[in-house]
Amino acid sequence: MTPDPLTAPRDAIAHLTPEHWERANRLLVRKILAEFSHERLITPGPRPPGRYVVRSDDGRTEYRFAARVLSLDHWQIDGAGITRHRGADELPLDAAGLILDLRRTLGLGEQVLPVYLEEISSTLASSAFKLSGRRPAAAELARADFQAIEAGMTEGHPCFVANSGRIGLDAAEYRGYAPEAGPRVRLVWLAARRDRCTFSASADLDYAALIRAELDERTLERFSATMADLGLDLDDFHLIPTHPWQWWNKLSVTFAGEIARRDLVCLGHGDDEYQPQQSIRTLFNTTAPARHYVKTAMSVLNMGFLRGLSTDYMQATPAINDWVADLVARDEVLRGSGFTILRERAAIGYHHEQYTAAAPKGSPYLKMLAALWRESPVPMLEQGRRLATMASLLHVDADGDSVAGAFIAQSGLAPATWLRRYLDAYLTPLLHCFYAYDLVFMPHGENVILVLENGVPERVFMKDIAEEIAVLDSEAVLPPEVERIRAEVPEELKSLSLLTDVFDCFLRFLNAALHAEGLLAEEAFWSTVAACILDYQESMPHLARRFARYDLFTERFGLSCLNRLQLRNNQQMVDLQDPASAIQLAGELENPIARFAGGAAAGAGHGGHALDTAPR
């Protein structure tokens with residue numbers, strides 16, 4: 001149902017209390033200090049051993065805190081001990097105030113700064129909402145069902161500071177559509193004249209078969225009757241699912257002429273209920289879980305992009321997914337690991353005549369009415385197995401316990417043994433895709449779904465294929481419809497698809513979580529990662545030259561920074577036509593697996609729990 005902000009305006013902001021706001025600010029200030037230090041946007045000055053200070057641009061304000069610096073320059077900061085001082089006065093922590101204190105250091109221009117502050121405020125409001133509700137313990141989440149885990153995530157992207165901006169959602173709509181609120185959403189269906197639409201599908205699917213599988217017969221009969229009452233024939237139109245927010249805030253006004261001319265006809269809500277995923281514009285069918293996810297255009301600004309969907313860009317989506325699925329199915333290593341992609345099987349978009357004529361390529365005006373259908377993992381799940389977003393491994397509950405730790409406890413395995421099983425399921429397929437095919441993914445937590453048995457990761461599903469994969473081989477022979485995924489990347493940056501996207505943007509945080517709980521020493525963590533890579537390399541001797549050319553055991557590698565992208569341009573931080581051009585490097589990181597290149601120590605510590613507690 002559409003949330004009504006007029007019914008109970010105070011209820012919409014009930015979570016905004018002094019206590020929740022103070023806690024939300026403390027959490028976000030900790031993250032700002034940690035991630036901006038990691039990206040070398042700020043350089044904390046040392047105080048007594050293990051303590052640091054960050055000063056404002058004018059030198060008048062100090063942020064004091066205790067921290068340990070772990071592998072990959074990861075700042076593990078004690079949030080409870082952060083204090084803010086100006087002269088003799090101790091001030092309350094304020095994340096937006098910290099950004100303003102550092103605006104010159106961060107290089108925030110007049111155009112970017114106000115929008116970034118709004119994103120910070122929205123991220124804080126989201127955090128306060130999560131803090132106000134019941135927060136399941138990590139052990140409870142580790143036993144919860146797929147969608148309960150999805151809604152239970154509280155952090156968002158681990159690297160980005162302003163990661164819940166969602167500018168465009170009001171307070172009531174937040175409760176109706178935000179994934180952490182766990183709402184049920186019914187899509188608004190439009191009938192669009194076929195000559196205004198572009199529909200594309202996998203080779204084994206057509207429009208009629210898709211719609212019959214996604215909508216019940218009674219729903220189709222109702223839609224057909226609505227069209228007949230207007231003197232129209234549903235067979236002359238394509239059906240397009242839209243997010244209710246997009247209908248009320250964009251399409252019903254911005255596409256008013258199309259509606260008045262009946263090039264578009266609103267058919268009302270569908271009957272199935274959906275749950276928003278961490279990617280807010282992607283919806284999981286809770287009425288019929290075997291049906292497809294639906295990804296819709298939703299013109300809210302979040303993490304550096306307006307979250308529309310391009311009709312032209314998506315036209316090749318099913319063909320790209322077919323190509324990747326065929327590659328995976330034919331490869332013995334990928335089949336053996338159980339690596340599976342969730343295919344985006346169909347896409348549809350509407351061409352608005354005037355906006356198409358007026359707007360440049362890539363404009364948000366060309367991304368307002370489109371949708372795609374992605375496979376659900378539910379029909380592919382073996383008996384006795386469970387699903388969980390990989391982002392859950394980094395989730396930490398109110399007591400400081402991680403879901404990864406809860407899965408380890410549930411499994412009964414030694415922590416390093418569990419870690420190796422996880423790496424075999426997650427990392428090995430990524431290694432093989434890169435070294436055998438020059439194929440890279442965006443394998444962050446939200447894009448990977450774990451298949452678990454008794455808490456042990458067995459295999460993974462990879463999603464968000466067409467928008468976030470690339471073939472890095474300039475000479476690879478690709479079908480014309482797949483050519484879009486070829487990316488020109490300098491040789492020296494190619495291995496960052498693993499060293500940055502896997503090591504720095506995910507394993508860095510998993511290492512810190514297991515370290516903080518006393519489950520696994522850093523030495524044991526990274527030696528296990530090294531052992532997984534070495535075992536894969538030993539099994540593929542014919543790829544030895546590529547292993548040497550793109551050496552994951554290099555002593556150092558470039559520090560690629562995500563927050564720097566958002567701080568530079570939070571309207572469109574990456575050009576999807578040329579993503580490599582957006583890479584922001586800030587020096588180098590020491591590679592935590594370099595010392596295990598010979599393999600001698602790569603199996604060490606597999607049962608170890610002892611931690612080196614000396615500050616670094």
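Ring centroid separation for the pair Tyr174 and Phe129 comes in under the 6.0 Å cut-off.
In this structure, Tyr116 and Leu106 have side chains that are not in contact, with every pair of non-hydrogen atoms separated by 4.5 Å or more.
The salt bridge (Lys or Arg N to Asp or Glu O under 4.0 Å) check on Lys130 picks up nothing, with sequence neighbours excluded. With sequence neighbours left out, Asn447 forms a side-chain contact (heavy atoms from CB on, under 4.5 Å) with Met442, His444, Lys463, Asp464, Glu468. In this structure Thr282 satisfies the side-chain contact (heavy atoms from CB on, under 4.5 Å) test together with Gln277, Ser279, Tyr293, Lys295, Arg374, sequence neighbours excluded.
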Sequence neighbours excluded and cut-off under 3.5 Å, please list the side-chain donor-acceptor pairs for residues 85-93, or say none.
| residue | atom | partner | partner atom | Å |
| --- | --- | --- | --- | --- |
| His85 | NE2 | Thr83 | OG1 | 2.7 |
| Arg86 | NE | Thr61 | OG1 | 3.0 |
| Arg86 | NH2 | Thr61 | OG1 | 3.3 |

Side-chain donor-acceptor pairs under 3.5 Å in residues 391-409, sequence neighbours left out?
| residue | atom | partner | partner atom | Å |
| --- | --- | --- | --- | --- |
| Ser392 | OG | Thr389 | O | 2.6 |
| Asp397 | OD1 | Asp399 | N | 2.9 |
| Asp397 | OD1 | Gly400 | N | 3.1 |
| Asp397 | OD1 | Asp401 | N | 2.9 |
| Asp397 | OD2 | Ala138 | N | 2.8 |
| Ser402 | OG | Gly405 | N | 2.9 |
| Ser402 | OG | Glu517 | OE2 | 2.3 |

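In this pair, His157 and Phe160 present their aromatic rings perpendicular. The plane angle is above 60°, beyond the 30 to 60° band. Classified by interplanar angle (parallel below 30°, tilted 30° to 60°, perpendicular above 60°), the ring pair Tyr52/Phe65 is parallel.
The pair Arg546-Asp438 meets the salt-bridge criterion, with a side-chain N (NZ, NE, NH1 or NH2) lying under 4.0 Å from an Asp/Glu carboxylate O. In summary, Glu523 and Arg595 engage in a salt bridge, as defined by a charged side-chain N under 4.0 Å from a carboxylate O. A salt bridge links Glu467 to Arg281: one of the charged nitrogens lies within less than 4.0 Å of a carboxylate oxygen. Taking 4.0 Å as the cut-off between side-chain N and carboxylate O, Arg166 and Glu180 count as a salt-bridged pair.
For the salt bridge (Lys or Arg N to Asp or Glu O under 4.0 Å) condition, the pairs that include at least one residue of residues 492-503, sequence neighbours left out, are Glu491-Lys494.
What you find for Ile593 and Leu552 is that their closest heavy atoms are CD1-O, 3.3 Å.
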Ring pair (Phe, Tyr, Trp, His ring centres under 6.0 Å), that's the test. Do Phe547 and Tyr435 meet it? Break it down for me. CA-CA 7 Å; Phe547 299 149; Tyr435 284 113; 4.8 Å; yes

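Remark: His432 NE2 to Thr428 OG1 distance equals 10.5 Å, nearest 0.5 Å. Considering CD1 of Ile32 and CG of Asn563, their distance stands at 9.0 Å, rounded to 0.5 Å.
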